[in-house]
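Single-structure report; data block below.
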Amino acid sequence: MEESCKNVYITTPIYYVNDVAHIGHAYTTIIADMLARYSRLTGANTYFLTGTDEHGQKIAQSAELRGKTPKEYADEVSGKFKALWDDFDISYDKFIRTTDDEHKIGVQAAFQKMYDKGDIYKGDYEGYYCVSCETFFTEKQLVDEQFCPDCGKPTNIVKEESYFFKLSAYEDRLLKWYEENEDCILPRSKKNEIVNFVQGGLRDLSISRTSFDWGVKLPESMNEPKHVMYVWLDALMNYITALGYGTDEKEMKHWPASTHLVGKDILRFHSIYWPAFLMSLDLPLPKHIAAHGWWTRDGEKMSKSKGNVVDPKLVADAYGLDAFRYFMLREVPFGQDGDFSQKALMDRINSDLGNDLGNLLNRISGMSGKYFDFKVSSKDVKKFHQKELDEVEAILENVEEYLYKMQLNRYLEDIWKVLTIANKAIGDYEPWNLMKEGKTDEAMALVALITNIMARVSLLLDSVMPEKIGKIAASLGITINNETYTSLILNKELIADTTITKVEQLFPRIEEVLLEQAKPAVVEKAVAEVKSSKKEEKIEEDDNLITIDKFFETSLKIGTIVAAEEVPKSKKLLKLQVDLGEGRNRQILAGIKEFYSAEELVGTQACVVANLKPAKLMGMISEGMLMAAKDENGLSLIRPETPKQIGTKIS
Ligand code: ME8
């Protein structure tokens with residue numbers, strides 16, 4: 001974010017449509033919304049972009065699993081994201097979808113430009129691909145020769161004709177950019193990781209795929225109908241196609257981005273590929289790429305595939321949207337991970353919001369009502385309270401800096417210091433005694449001091465809690481806009497005479513957790529539906545639940561392990577021959593060597609996923625998978641309690 005009178009362009013990642021929105025997504029979007037609202041208040045010409053990322057193998061597979069076309073599926077989930085942000089009153093200026101025609105045209109224009117420049121060439125890609133992360137890896141990068149180093153899922157071997165982007169040619173320019181722009185990647189600790197990574201050397205990037213077709217086609221002039229663009233090239237371009245790059249460029253005046261807000265999982269794409277693409281396109285680079293940490297549940301990253309997500313709508317409905325926003329921004333230092341806890345949320349509501357903020361407003365309306373018929377005049381504030389005003393101003397002068405550095409929790413911490421000054425002043429000056437002593441002017445000055453502090457705090461908190469601050473401002477008789485911001489915050493003026501109106505209690509105390517437990521969203525929803533005795537079909541529509549037919553698409557069988565041996569050079573893999581009663585043994589490579597020896601397995605039974613597509617691991621075919629469960633105490637194979645006939649179906 002930059003100072004006022006400038007163009008400010010703030011973006012969230014565009015979210016994949018294979019996931020329901022959870023509090024991780026809400027977190028990014030709420031931070032971006034806060035920055036955008038603040039920026040508008042300061043008078044900057046602000047543009048705020050969010051949207052959905054709808055192409056790629058992952059989405060195509062998710063759609064197929066549900067028996068939908070990718071577009072049908074994308075329409076449905078993208079609609080849910082948009083509805084949630086609308087429900088949360090997120091102040092985006094544009095919601096982009098990568099299936100929008102303008103976007104596709106823009107991406108093709110960018111591809112063409114990079115190609116014409118000589119930055120794209122055709123070759124063959126051979127390596128590993130993680131569909132879940134939509135990322136290419138070299139063999140060296142894999143964990144145990146097989147698993148994605150980012151998400152831990154198995155990778156696929158990909159061997160196909162591909163176009164490449166000359167990423168390696170941008171290594172030096174990227175390093176120079178990092179060096180010359182101290183805050184281009186925030187926080188600093190994350191920047192160091194990126195610099196180290198790039199110093200380790202960059203390989204050219206495969207930017208087209210031929211093995212599936214759910215993606216943006218290459219420009220027609222290239223006559224390559226088999227190729228679609230790599231989903232990350234397509235996705236990153238959204239930040240410029242949303243402004244009309246390659247179509248109607250009238251909004252391009254907002255470029256370059258002030259802040260690309262991202263989670264740390266996707267920082268590499270944003271701080272290496274994206275600036276390199278932009279250099280190739282001769283466009284200026286973003287000012288800041290700011291990476292926040294993860295919200296976890298019991299220490300694990302929240303994600304739908306892990307089934308540990310918290311539904312932000314449930315939390316906001318239970319505790320209030322503004323309280324939820326405040327909590328997210330205040331609780332965890334930007335860049336660090338945070339475990340979601342309702343207890344912590346309740347504490348913030350009862351203490352920070354109820355006691356410190358809400359109560360102060362009650363005291364203003366109580367004192368002004370009792371002593372002055374709700375009228376407040378600032379005329380003697382300077383005379384009696386210059387000291388407090390100076391203290392407040394010394395703090396507030398520096399808070400904006402925290403926003404530029406993305407230290408949002410410190411921004412809020414300091415605003416709370418100002419509230420403490422106000423609460424303390426009431427105790428120190430005891431207006432009830434001043435009134436008794438007939439020092440009416442002094443009592444009025446004190447009430448006006450508190451009212452002025454509350455007015456300034458309101459301006460600074462409006463972006464964090466727009467709804468509640470709207471109510472506070474109305475109660476104080478002020479309007480939250482750029483004019484008031486300029487007068488009270490920049491010029492440090494005092495408010496004009498005003499009349500206080502009483503408001504209901506803004507943050508009622510919460511005595512016990514309101515959500516039984518923040519269970520995965522689908523479970524919560526399903527339980528709620530059953531409780532309200534709606535029809536069962538309704539549950540089936542909910543994102544994660546499957547029908548029994550779907551379950552039976554997986555063929556699970558009992559097999560006997562007839563032979564087992566270690567795979568040389570592999571820490572994890574054992575090579576097994578498993579009899580499923582098919583007249584021949586299946587070869588199955590299982591990552592269980594750390595937990596079982598080859599000898600002890602021979603002659604035992606296991607549950608086998610029998611209809612998996614064969615996969616190649618370390619150059620050997622694997623024709624199935626053993627079922628196992630792993631926790632902190634180790635891994636156990638799932639087996640029948642008593643021996644069963646070979647090939648018995650599991651149901
Ligand atoms: O990566 N904690 O989309 P995505 C905090 N389509 N934030 C989280 C989170 C968690 N547990 N889980 C997700 C993609 N997020 C690409 C982006 S941009 C050109 C393309 C947030 O749906 C966080 O901002 O997987 C993370 O970066 C983003 O959601 C990933 O969303």
Side-chain angles (χ1 to χ4, degrees), residues 10-33 49-59 62 74 77-78 80-81 84-85 95-99 103 106-107 110 130-135 148 150-151 153 190 215-216 229-242 257 259-275 277-278 286 289-312 328-329 331-340 406 518 520-521:
I10 291 164
T11 69
T12 72
I14 44 172
Y15 302 110
Y16 282 130
V17 289
N18 74 319
D19 212 347
V20 288
H22 55 69
I23 64 166
H25 304 112
Y27 180 53
T28 322
T29 305
I30 287 170
I31 298 174
D33 184 59
L49 174 72
T50 189
T52 42
D53 187 357
E54 306 182 12
H55 290 127
Q57 207 169 351
K58 172 155 80 170
I59 309 300
S62 295
V77 184
S78 175
K80 285 189 189 165
F81 269 98
L84 178 68
W85 303 149
F95 185 99
I96 191 171
R97 300 184 53 185
T98 54
T99 47
H103 170 76
V107 178
C130 172
V131 176
S132 182
C133 298
E134 299 279 17
T135 308
C148 170
D150 289 345
C151 73
K153 296 197 181 126
K190 296 274 185 308
V216 181
M229 283 187 217
Y230 172 40
V231 63
W232 269 103
L233 173 75
D234 161 4
L236 287 162
M237 291 294 168
N238 94 88
Y239 300 129
I240 51 174
T241 61
T259 305
H260 287 310
L261 220 95
V262 298
K264 65 180 180 180
D265 49 337
I266 57 172
L267 180 60
R268 229 187 288 156
F269 300 93
H270 283 80
S271 54
I272 302 175
Y273 301 171
W274 180 227
F277 294 156
L278 287 166
I289 300 158
H292 64 67
W294 286 336
W295 282 94
T296 57
R297 286 288 299 282
D298 307 319
E300 281 213 68
K301 182 182 180 230
M302 211 175 277
S303 74
K304 186 169 112 179
S305 50
K306 293 206 181 97
N308 62 352
V309 297
V310 179
D311 182 344
M328 298 233 97
L329 299 173
E331 187 68 10
V332 182
F334 188 87
Q336 295 182 19
D337 295 347
D339 218 48
F340 180 79
M406 297 300 297

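The basis for the numbers below is simple: all heavy atoms, side chains too, and nothing from hydrogens, waters or symmetry mates. Whatever order the structure lists them in is the order used to number ligands and atoms, beginning at 1.
Qualifying salt bridge (charged side-chain N to carboxylate O under 4.0 Å, His left out) partners for E134, counting only residues two or more places apart in sequence or in other chains: none.
Residue contact check: I266 has heavy atoms under 4.0 Å from atoms 1 (O), 17 (C), 27 (O) of ligand 1. Ligand 1 places these atoms under 4.0 Å from at least one heavy atom of H270: 18 (S), 19 (C). If you number the atoms of ligand 1 from 1 as listed, the ones under 4.0 Å from a heavy atom of D53 come out as 6 (N), 16 (C), 20 (C). Ligand 1 places these atoms under 4.0 Å from at least one heavy atom of H292: 5 (C), 7 (N), 23 (C), 24 (O). Which parts of ligand 1 touch A235 is read off a 4.0 Å heavy-atom cut-off, strictly below it: atoms 19 (C). When each atom of ligand 1 is checked for a heavy atom of M302 under 4.0 Å away, the hits are 11 (N), 12 (N). For ligand 1, the atoms lying closer than 4.0 Å to a non-hydrogen atom of G293 are 5 (C).
Counting heavy atoms only, Y239 comes closest to atom 19 (C) of ligand 1 of the residues F340, Y239, Y273.
Contacts between F269 and ligand 1 below 4.0 angstrom, taking non-hydrogen atoms only, are absent altogether.
Scanning all protein heavy atoms for the shortest distance to atom 31 (O) of ligand 1 gives Y15 CD2, 3.6 Å. The single protein non-hydrogen atom nearest to atom 23 (C) of ligand 1 is T28 OG1, 3.5 Å, given as residue, atom name and distance.
When each of Y230, F277, W232, W274 is paired with F269, the ring pair (Phe, Tyr, Trp, His ring centres under 6.0 Å) condition holds for W232 and for no other.
Checking only distances, W295 does come within under 3.5 Å of ligand 1, N or O to N or O. Any N or O atom pair closer than 3.5 Å counts here, and W232 shares no such pair with ligand 1. Checked against a 3.5 angstrom limit, the closest N/O atoms of V262 and ligand 1 fall outside it. By the 3.5 Å distance cut-off applied to N or O atoms, P13 is not counted among the residues near ligand 1.
A ring-centre distance under 6.0 Å is found for Y239 and H270.
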